[in-house]
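The next block holds one structure in the form of structure tokens; read it before the comments.
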2 protein chains.
Amino acid sequence: MPHNGHRTGRRNQIQAAAEQLFREKGYLATSMRDIADEMHMKGGGSLYAHIKGKEDLLWDIAQEAVRAFFSALEPILAKDISPDQKLREAMIAHVLVITSHLGATAVYFDEWRHLGDVRRAEFMQHRERYERLFQRLIHESVESGALNVRDERLATIYVLGSLNAIRRWYKPGGRLSAQKLAEAVADLALNGLHQP
Amino acid sequence: MPHNGHRTGRRNQIQAAAEQLFREKGYLATSMRDIADEMHMKGGGSLYAHIKGKEDLLWDIAQEAVRAFFSALEPILAKDISPDQKLREAMIAHVLVITSHLGATAVYFDEWRHLGDVRRAEFMQHRERYERLFQRLIHESVESGALNVRDERLATIYVLGSLNAIRRWYKPGGRLSAQKLAEAVADLALNGLHQP
DNA sequence: GTCTATATAATGATAGAC
DNA sequence: GTCTATCATTATATAGAC
């Protein structure tokens with residue numbers, strides 16, 4: 001019983017192939033035949049035994065990225081540590097989600113605009129909710145006296161933008177481990193918030 | 001005499017329309033008919049009296065962005081001020097190029113990958129050359145003792161990535177002027193480089 | 001320079017044999 | 001589930017009238 005909500009092994013392979021192609025070439029530049037090629041299928045038609053359409057792939061990948069970001073953030077928010085410690089851990093976790101989900105986060109950052117209107121609106125709500133959680137961490141860090149920023153909204157946008165940039169140049173297997181890189185980038189962004 | 005290197009007024013209007021559409025919808029999602037609509041023409045065919053093809057528009061816009069970035073940076077490099085002063089001015093100028101060329105810089109950051117192989121390679125060389133100029137400014141700032149970073153390469157990538165993020169959320173006519181915003185973002189990024 | 005009509009290619013998706 | 005063949009649509013680009 002295909003495309004009824006169940007997720008077969010084959011279906012996940014297709015989604016993984018789509019992720020990589022969407023990241024490399026972009027959603028619109030990736031044809032169903034491209035995805036079929038990656039699956040060693042001989043024509044795009046075979047894919048429709050597993051999915052309802054191309055946009056469903058985009059949607060599922062976007063949702064996977066949303067899940068990954070929230071799954072990384074929520075346990076940190078629940079910890080019993082100071083707000084600024086939470087903020088630093090959240091920033092590191094955010095970068096690690098990107099480095100470990102390069103395909104899905106490419107959709108999360110760039111390709112989501114090709115979703116249909118309804119899904120795009122729902123997706124944007126998730127992104128905004130995630131952003132507010134970060135802004136709250138910054139707000140609480142300021143209240144606790146650990147952080148001193150003039151404009152909390154600007155600080156939030158700046159921090160997330162700075163962290164997100166890593167997806168443009170990170171390549172697995174580089175001289176720095178993902179963990180070390182995440183810490184380095186998070187500290188660069190965090191230091192920026194400590195005004196001299 | 002159309003598309004022979006000369007730039008008529010009409011041709012510039014087309015390029016401006018294409019810039020805006022490429023930014024809003026992306027290069028592939030923008031059809032020649034979309035551009036013609038924006039020009040109040042009744043069919044995509046009329047455009048070909050002014051341009052050779054769609055990719056030429058992308059190329060010219062990419063070159064315009066390259067020119068804008070170098071034109072902003074070079075006079076700062078030629079100034080008789082300290083390296084760290086140059087760096088700060090260069091960062092502010094970089095942000096101002098983005099905020100004042102949102103369409104062209106959208107191509108510079110996102111849509112350039114749809115260029116053909118030859119042009120894409122040439123474009124990447126320009127980008128790398130620009131990045132090296134920034135890295136040199138950071139290197140000289142470290143040498144002069146004004147800056148203290150552990151990893152100059154990482155610092156360069158981080159700073160440019162942080163500045164570039166502004167293009168995702170900047171909207172003209174907001175509560176902060178572009179100049180004030182550029183200074184605020186540049187200082188956030190610059191503070192990050194001053195390790196505690 | 002713009003219009004209309006059209007050539008050509010590629011795309012997402014479907015149908016039916018196996 | 002995968003294959004082949006194919007449909008309908010849309011895209012870039014061209015040709016020729018005005």
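Lettering follows sequence order; numbering is per chain, from 1.
Across the helix from C/dG1-D/dC18 to C/dC18-D/dG1, the helix axis at one end is tilted relative to the axis at the other end by 0° (nearest 10 degrees, each axis from five pairs).
For A/Tyr130 and A/His94, the gap between ring centers is short of 6.0 Å.
A salt bridge links A/Arg119 with A/Asp56: the distance from a Lys NZ or Arg NE/NH1/NH2 to an Asp or Glu carboxylate oxygen falls below 4.0 Å. Using a 4.0 Å cut-off between charged nitrogen and carboxylate oxygen, A/Arg88 and A/Asp187 count as a salt-bridge pair.
In the hydrophobic cluster analysis, where Ile, Leu, Val, Met, Phe, Trp and Tyr join through side-chain heavy atoms closer than 4.5 angstrom, A/Phe69 is grouped apart from A/Ile76. Linking ILVMFWY residues whenever their side-chain heavy atoms come closer than 4.5 Å, directly or via other members, leaves A/Leu154 and B/Ile92 in distinct clusters.
Cation-pi geometry between A/Lys54 and A/Tyr27 is satisfied (NZ or CZ under 6.0 Å from the ring centre, within 45° of the ring normal). Taking the ring axis of A/Phe70 as reference, the NZ or CZ atom of A/Arg129 stays within 45° of it and closer than 6.0 Å to the ring centre.
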For nucleotides 2-15 of chain D, give me one character per nucleotide, 5' to 3': B if any protein heavy atom sits under 4.0 Å from the base, S if the only such contacts are to the sugar-phosphate, - if neither. BBS-B----BBBB-

